[in-house]
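Encoded as structure tokens, the structure appears first; notes follow it.
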Amino acid sequence: MGDGGADLRRRVPRTDVLLADPRLVAAAAVLGRERVKAAVRQAQDRARRGEITPEAVPAEALAALPSAAPRAVLNATGVLLHTNLGRAALSEAAVAAVVAAAGHTDVELDLGTGRRARRGRDAVDALAAAAPGAEAVHVVNNGAAALVLAATALAADAEIVVSRGELVEIGDGFRLPDLLTSTGARLREVGATNRATLADYADAIGPRTGFVLKVHPSNFRVTGFTSAVPVRRLAALGVPVVVDIGSGLLAPDPLLPDEPDAATTLRAGADLVTASGDKLLGGPQAGLLLGSAALVERLRRHPLARALRVDKLTLAALAATLGDPATPTRTALHADAAVLRARTERLRDALAAEGRKADVVPSVAVVGGGGAPGVELDSWALSLPERYAGPLRTGDPPVLGRVARGRLLLDLRCVPEHADPAVGAAVLAVPDGD
Ligand SMILES: *Cc1c(COP(=O)(O)O)cnc(C)c1O
């Protein structure tokens with residue numbers, strides 16, 4: 001190596017400087033200083049050999065360490081419920097409730113009488129109050145667990161009558177039909193992919209029927225020559241009707257006219273509604289079961305219910321979410337495009353003042369995470385060269401955007417307004433190559 005090599009070696013940050021990096025300090029607090037030091041030394045060696053740039057040493061050291069905890073990220077993707085980013089962000093009230101519940105709590109105890117009480121009754125009562133029309137409710141681990149419990153308790157060794165057009169894949173390769181048949185229930189598929197009629201259902205119903213299942217096709221849309229049978233008509237068939245609405249909307253939202261909600265579905269005659277807690281409800285991961293007292297009681301008493309039960313943190317977050325529906329998900333959904341534009345322009349101007357050029361462009365945000373397919377929310381985005389995507393993703397805090405036609409778009413719809421300056425700082429932390 002010539003002088004270039006010596007120069008490179010000089011530019012490799014010193015160990016004590018690296019160990020003072022807040023991210024590595026945080027890692028050392030969990031993993032121990034020696035382990036972090038070893039990762040730092042290896043990264044320095046790689047930089048000295050010219051395999052990575054000196055600037056990449058801290059990130060390289062961090063990447064070599066097991067992450068201590070999930071990292072908080074800024075979601076500038078414009079996707080409200082991004083499953084890879086943990087779907088709904090909890091409200092401040094829900095976060096406070098989780099922290100308060102982290103120690104010992106009265107989750108299953110009546111402090112008045114000193115006796116055992118129904119587990120998570122705050123959450124259960126709040127859910128029942130928020131969904132008038134549900135005689136009883138039950139909470140399990142997630143939407144898939146709600147379906148598994150319903151299928152096991154109500155249709156093991158029996159048939160679930162379901163439309164072929166509703167046998168959806170919910171993500172990561174998991175398919176509803178496989179989930180349902182894994183319980184021992186058999187599927188009795190009716191209709192064709194695009195059409196099912198009441199007569200199709202009526203023909204399939206018999207002594208082996210456990211229930212009729214209706215699934216909201218929450219992550220795709222079938223258009224053209226289609227028909228599906230509304231819950232109101234299925235309810236007249238004389239067998240229990242279970243409806244998986246997916247999104248967790250408890251009441252209609254005028255912005256999402258095609259999205260089913262629990263109250264309307266129950267009023268239409270559904271015996272049981274299942275939904276997720278961390279989609280449009282904006283709460284923690286949970287599976288909600290709402291409906292007839294007799295059916296819910298059968299679910300609650302089934303042995304599997306014990307295996308699917310939720311922890312005290314989830315129950316605390318759910319109760320708080322239901323108590324204060326101004327969730328970040330709702331805020332993002334209802335954010336005014338003009339306000340988003342103004343925020344984005346302020347960010348652009350702040351960057352311009354530092355000599356960094358970015359544009360403000362129209363953007364389209366979506367609900368995502370299995371909800372409201374086809375709904376496009378007018379939004380605005382900060383447009384940067386695509387090369388910003390990697391450094392922002394691995395920065396601190398990581399900022400996730402969307403790459404389109406050679407540009408990185410940062411849509412502020414799902415970014416809390418107080419975090420706008422953090423987005424600006426993250427952009428400025430990327431070395432300016434223009
Ligand atoms: C999201 C979804 C599920 C799965 O719910 P999880 O909470 O992810 O387990 C099932 N059915 C429908 C219609 C959904 O949208």
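Read the numbers this way: they start at 1 and go in the same order the structure lists the ligands and their atoms. Start at 1 with the first residue, then count along the sequence. Reckoned from all heavy atoms, side chains included, excluding hydrogens, waters and symmetry mates. Because the structure is a prediction, the values reported are computed rather than measured.
By the neighbour-count criterion of 12 heavy atoms within 6.0 Å, atom CD of Glu92 is sparsely surrounded, having that number or fewer from other residues, nucleotides or ligands.
Salt bridge Asp106/Arg121: present, at least one basic N to carboxylate O contact under 4.0 Å.
Residues Leu400 and His82 form no side-chain contact, since every pair of their non-hydrogen atoms from C-beta on lies 4.5 Å or further apart. Residues Pro398 and Arg393 form no side-chain contact, since every pair of their non-hydrogen atoms from C-beta on lies 4.5 Å or further apart.
Considering backbone and side-chain N/O atoms, His216 never comes within less than 3.5 Å of an N/O atom of ligand 1. Remark: ligand 1 and Ser247 share no N or O pair separated by less than 3.5 Å (distance only, no angle test). Looking at ligand 1, you'll find an N or O of Asp244 within less than 3.5 Å of one of its N or O atoms. In terms of N/O distances under 3.5 Å, ligand 1 is not approached by Ala145.
Using a 4.0 Å cut-off between heavy atoms, Gln285 makes no contact with ligand 1 at all. Contact annotation: for Glu166 versus ligand 1, there are no heavy atoms closer than 4.0 Å.
Side-chain polar atoms of Ser91 and Asp324 form no donor-acceptor pair below 3.5 angstrom. Judged by distance alone, the side chains of Ser363 and Arg413 never bring a donor and an acceptor atom under 3.5 Å apart.
Under a 4.0 Å criterion applied to the non-hydrogen atoms of Gly246, ligand 1 contributes the atoms 12 (C), 13 (C), 14 (C), 15 (O). Below 4.0 Å from some heavy atom of Ser276 lie the following atoms of ligand 1, by number and element: 1 (C), 5 (O), 6 (P), 7 (O). Residue Arg87 has at least one heavy-atom neighbour below 4.0 Å for each of these atoms of ligand 1: 6 (P), 7 (O), 8 (O). Every atom of ligand 1 is numbered from 1 in the order shown, and the set under 4.0 Å from a heavy atom of Gly143 is 5 (O), 6 (P), 7 (O), 9 (O). Taking every heavy atom of Lys279 and a limit of under 4.0 angstrom, the matching atoms of ligand 1 come to 1 (C), 2 (C), 3 (C), 5 (O), 14 (C), 15 (O).
Remark: Asp244 engages Thr274 in a side-chain hydrogen bond (donor to acceptor under 3.5 Å, both in side chains) (not counting sequence neighbours). Partners of Arg71 by salt bridge (Lys or Arg N to Asp or Glu O under 4.0 Å), not counting sequence neighbours, listed by chain and number: Asp396.
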